[in-house]
J.: 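Structure in structure tokens, see below.
Remember, predicted model here, so these are calculated numbers, not experimental data.
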Amino acid sequence: EYIFVTAFIAVFEVFTDMGYNSILVREIARAKDRLHKLIGTAIVAKSLVALITFIIIFISAYVLAVVVQLNPEAKKAIYILGFAVCMDFFTDIVISTVRAHEKMEYEAYIIVFNSLTSLLFVALVTILDLGFISLFWARLYSIVLTMGLSLFIYIKKFGIPQFRQERGMRKHLTREALPLGMGQVIERFYTRTNFILIRIIKSVTEVGFYGGAYKIIEQLSLISVSVVTAVFPVFSVLSQSSRPSLALAHEKTFKVLAVISLPIVVILSFLSEQITSIIFGAKHMQIAQPLKILAFAVFLSFSNLLFKF
């Protein structure tokens, strides 16, 4: 049930971004003197998007509960986790800001802090045996604390954020972000709705087997995300100053991603059973087969991420 709930929320989580984060990085990198106007506009716009997203999650969870006879705890967990990811938009804005200024160490602080607090709360829930729902409350508490750290970093480095927007700028950001956002929605639907479909035709056990394999691929994708987000501000500047240099930087980044991803594909394909045994234990060897199939998606996902930018 835990994997199903997190996969269900992941389908809708993309709506809280809708391409704004990438466009925000580009716009700030190009014109740092407009930072506060851009951030104020993004905060107002993404607050509205987050509210709409939570309403969609609420309605979808109600409908799904009827279709697959979802138990009440799982339904409540969807509401809690849905609210948590919708609140996370401010942290995303701060991460976009530090990326645009090429201050990646602050992004690392935020990500590590979020991971550690989440791990700590989940460990406490497990040790104290607080139950299934408490796992999702733990995630909510972690996101709230991470938002606090993000706000502290933003104020320290850039000043107090302005919660007002410029109408013309909002239209510009929305117009630029919408194509990226639609691409993200399509990608998220074809990578995450698998969990929902499996849950409809099979049991939560099969969802767990597929989810275990997918989780490995998902964690490996963080490598490509780290590489591409690090060079994206450079791409933004070069697109304005030197197209040949931009093409060269893009080509070299592609080669780096290929060198990293191809060995991963080979290792996962030939050693899927050994990897499954080490990570999940001998009792869950059913994960090995979907892992072997999903391995071939690593190279494509690495490349696709770069081409999106």
Side-chain angles (χ1 to χ4, degrees), residues 1-17 50 53-92 110-150 188 191-200 202-222 276 279-281 283-284 286-287 290:
E1 291 288 358
Y2 179 85
I3 291 178
F4 172 73
V5 170
T6 54
F8 179 82
I9 292 300
V11 171
F12 298 96
E13 184 181 8
V14 68
F15 288 109
T16 64
D17 177 14
T53 300
F54 183 72
I55 293 173
I56 293 172
I57 290 173
F58 188 90
I59 295 172
S60 300
Y62 180 82
V63 173
L64 187 68
V66 175
V67 174
V68 300
Q69 297 182 338
L70 205 62
N71 71 64
E73 276 206 336
K75 185 178 176 182
K76 185 177 180 181
I78 287 174
Y79 293 151
I80 295 170
L81 189 58
F83 180 70
V85 298
C86 289
M87 285 184 61
D88 205 26
F89 74 89
F90 181 75
T91 297
D92 290 337
I110 293 171
I111 293 174
V112 170
F113 179 82
N114 180 56
S115 299
L116 289 178
T117 53
S118 181
L119 181 62
L120 175 62
F121 287 135
V122 169
L124 287 174
V125 168
T126 304
I127 293 171
L128 299 177
D129 195 21
L130 298 179
F132 177 71
I133 291 296
S134 297
L135 291 171
F136 299 95
W137 283 114
R139 179 61 182 146
L140 176 59
Y141 298 150
S142 175
I143 285 177
V144 170
L145 290 176
T146 304
M147 285 178 61
L149 174 64
S150 301
R188 186 59 61 91
T191 56
R192 293 291 187 168
T193 50
N194 299 337
F195 292 91
I196 300 174
L197 294 174
I198 294 173
R199 178 62 181 86
I200 292 174
K202 295 288 185 177
S203 69
V204 292
T205 303
E206 280 74 16
V207 174
F209 291 149
Y210 179 80
Y214 190 86
K215 195 67 177 177
I216 295 176
I217 304 300
E218 185 180 49
Q219 295 304 309
L220 289 171
S221 71
L222 294 177
T276 299
I279 297 177
F280 300 103
K283 294 182 179 180
H284 302 287
Q286 295 93 330
I287 294 173

J.: So among I111, T117, L116, which one has a side chain to side chain contact (heavy atoms under 4.5 Å, CB included) with T146?
T.: T117

J.: With a cut-off of 3.5 Å and sequence neighbours excluded, list every side-chain donor-acceptor pair involving residues 134-141.
T.:
from	atom 1	to	atom 2	distance (Å)
S134	OG	L130	O	3.0
R139	NH1	N114	OD1	3.2

J.: What are the two closest non-hydrogen atoms of M147 and M87, and how far apart are they?
T.: SD-O, 3.1 Å

J.: For a 4.5 angstrom cut-off between non-hydrogen side-chain atoms, does I57 reach I78?
T.: yes

J.: Partners of I56 by side-chain contact (heavy atoms from CB on, under 4.5 Å), sequence neighbours excluded?
T.: F12, I52, S60

J.: Side chains of F121 and L145: does their closest heavy-atom pair fall under 4.5 Å?
T.: yes

J.: Quick one: pull up CD1 in I55 and CD1 in I59 and give me the separation to the nearest 0.5 Å.
T.: 7.0 Å

J.: In terms of the angle between their ring planes, are Y79 and F58 parallel, tilted or perpendicular, with boundaries placed at 30° and 60°?
T.: parallel

J.: Ignoring hydrogens, what is the shortest heavy-atom contact between G82 and F54? Give both atom names and the distance.
T.: C-CD1, 3.9 Å

J.: Between S118 and S142, do the side chains contain a donor N or O and an acceptor N or O under 3.5 Å apart?
T.: no

J.: Nearest 0.5 Å, please: how far is SG in C86 from CG in L81?
T.: 9.5 Å

J.: Starting from the C-alpha separation in whole Å, work towards a yes-or-no answer on side-chain contact (heavy atoms from CB on, under 4.5 Å) for I133 and I80.
T.: CA-CA 9 Å; I133 291 296; I80 295 170; 3.7 Å; yes

